[in-house]
**Q** 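Sending over a structure as structure tokens; questions will come in a sec.
Just so you know, ligand 1 is whichever comes first in the structure, and atom 1 is the first atom listed for that ligand.
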Amino acid sequence: MSRRAQFLEVLGIPTEWVPRERKDALAEAVPEMAAVQAALPAVEAPVAETAVPVAAALADPVETVPAPVAPPVARAPVAPSLVPASPEPGSAQADREAGIAAMEWPALDAAVAGCTACGLCQTRTNTVFGVGDRQAEWMLVGEAPGENEDLQGEPFVGQAGKLLDNMLGALGLARGRNVFIANVLKCRPPGNRNPEPEEVAQCEPFLRRQIALLKPKVIVVLGRFAAQSLLRTTTPIGKLRGTVHTYEGIPVVVTYHPAYLLRTLTDKARAWEDLCLAREVHDRAGAGA
Ligand code: URA
């Protein structure tokens, strides 16, 4: 079975019908998508004239279709609430961030485990540092630990994590093998509420250092919150998808959060497009796996 077929199967969409008008409207609304769609073979709908089966329209880009790498979008408007203010030079926070920026993996691990920089340390069970190969060429970044992750100290171990593992498998990757998975926040926000800007400000230096140590060939950002935090923007996720962004010179591809995909059938095929784009970016970077 091809990787595409495998992927669509794990997502539960062997055949999904999308009105042709919607496909066109999407390309119009998100101009970068037009380039991705242009790379897909034109498929005539076998039954309905106005519909194209996504499963058929998506040729196996991993194996056969050279997905184009669009240029980075212009930096979108900055969201003041998401952007951690730069600390005053010489302040305690500036010193803390400089210290984190100089840490190697063991020290960083220990710093996260003992962190008390925000109130989340009072409600967490475990910190969730991240998991995987520290030489990985792929990095996945989610939002924050949920209940299961807080209990087990590992990211994406609940239902959404199972889907994520299947998505990785369809890409020829596996948790712990050439992929590192982390979150923007290392502690669970109580009741899974949205992270507060101050929590992001305190935690972001850890993620920044993880990325600097890992030096992945590609970062795949999962969901609106992580995408907007990492890219420092308020642009909606639908517009961040389909384009290659950069973080500290590393290519970033945005896709939907697996928990969202569990609920939203229609966006699952788009997630596959995103992963194909990420695969293309990775492979163009001259990387191995
Ligand atoms: N959602 C996330 O964003 N991260 C996790 O680790 C689990 C669920």
**Q** May I ask you to check whether Trp105 and Phe180 place their ring centers less than 6.0 Å from one another?
**A** yes

**Q** For ligand 1, which atoms have a heavy atom of Pro155 less than 4.0 angstrom away?
**A** 6 (O)

**Q** So, for Val254 and His245, which heavy atoms are closest and what is the spacing to 0.1 Å?
**A** CG2-CD2, 4.1 Å

**Q** Look at atom 1 (N) of ligand 1 and say which protein heavy atom is nearest, naming residue and atom and giving the distance to 0.1 Å.
**A** His257 NE2, 3.1 Å

**Q** Counting heavy atoms only, which part of Glu143 comes closer than 4.0 Å to ligand 1: side chain, backbone, both or neither?
**A** both

**Q** Give the numbers and elements of all ligand 1 atoms closer than 4.0 Å to a heavy atom of Gly142.
**A** 3 (O)

**Q** How long is the span from the CD atom in Glu147 to the CZ atom in Arg188, to the nearest 0.5 Å?
**A** 5.0 Å

**Q** Starting from atom 4 (N) of ligand 1, find the nearest protein heavy-atom neighbour and note its residue, name and distance.
**A** Asn183 OD1, 2.8 Å

**Q** Of all the heavy atoms in Ala144, does at least one lie under 4.0 Å from an atom in ligand 1?
**A** yes

**Q** Over all heavy atoms of both residues, which pair between Leu240 and Gln228 is shortest? Give the atoms and the distance, please.
**A** CD1-CG, 4.5 Å

**Q** Would you check whether Glu154 reaches within less than 4.0 Å of ligand 1, judged by its heavy atoms?
**A** no

**Q** So, for Pro251 and Val281, which heavy atoms are closest and what is the spacing to 0.1 Å?
**A** CB-CG1, 3.4 Å

**Q** Are Val157 and Leu185 joined in one hydrophobic group, where the rule is that I, L, V, M, F, W and Y side chains link up if heavy atoms are under 4.5 Å apart?
**A** no

**Q** Has ligand 1 got any nitrogen or oxygen that is less than 3.5 angstrom from a nitrogen or oxygen of Phe156?
**A** yes

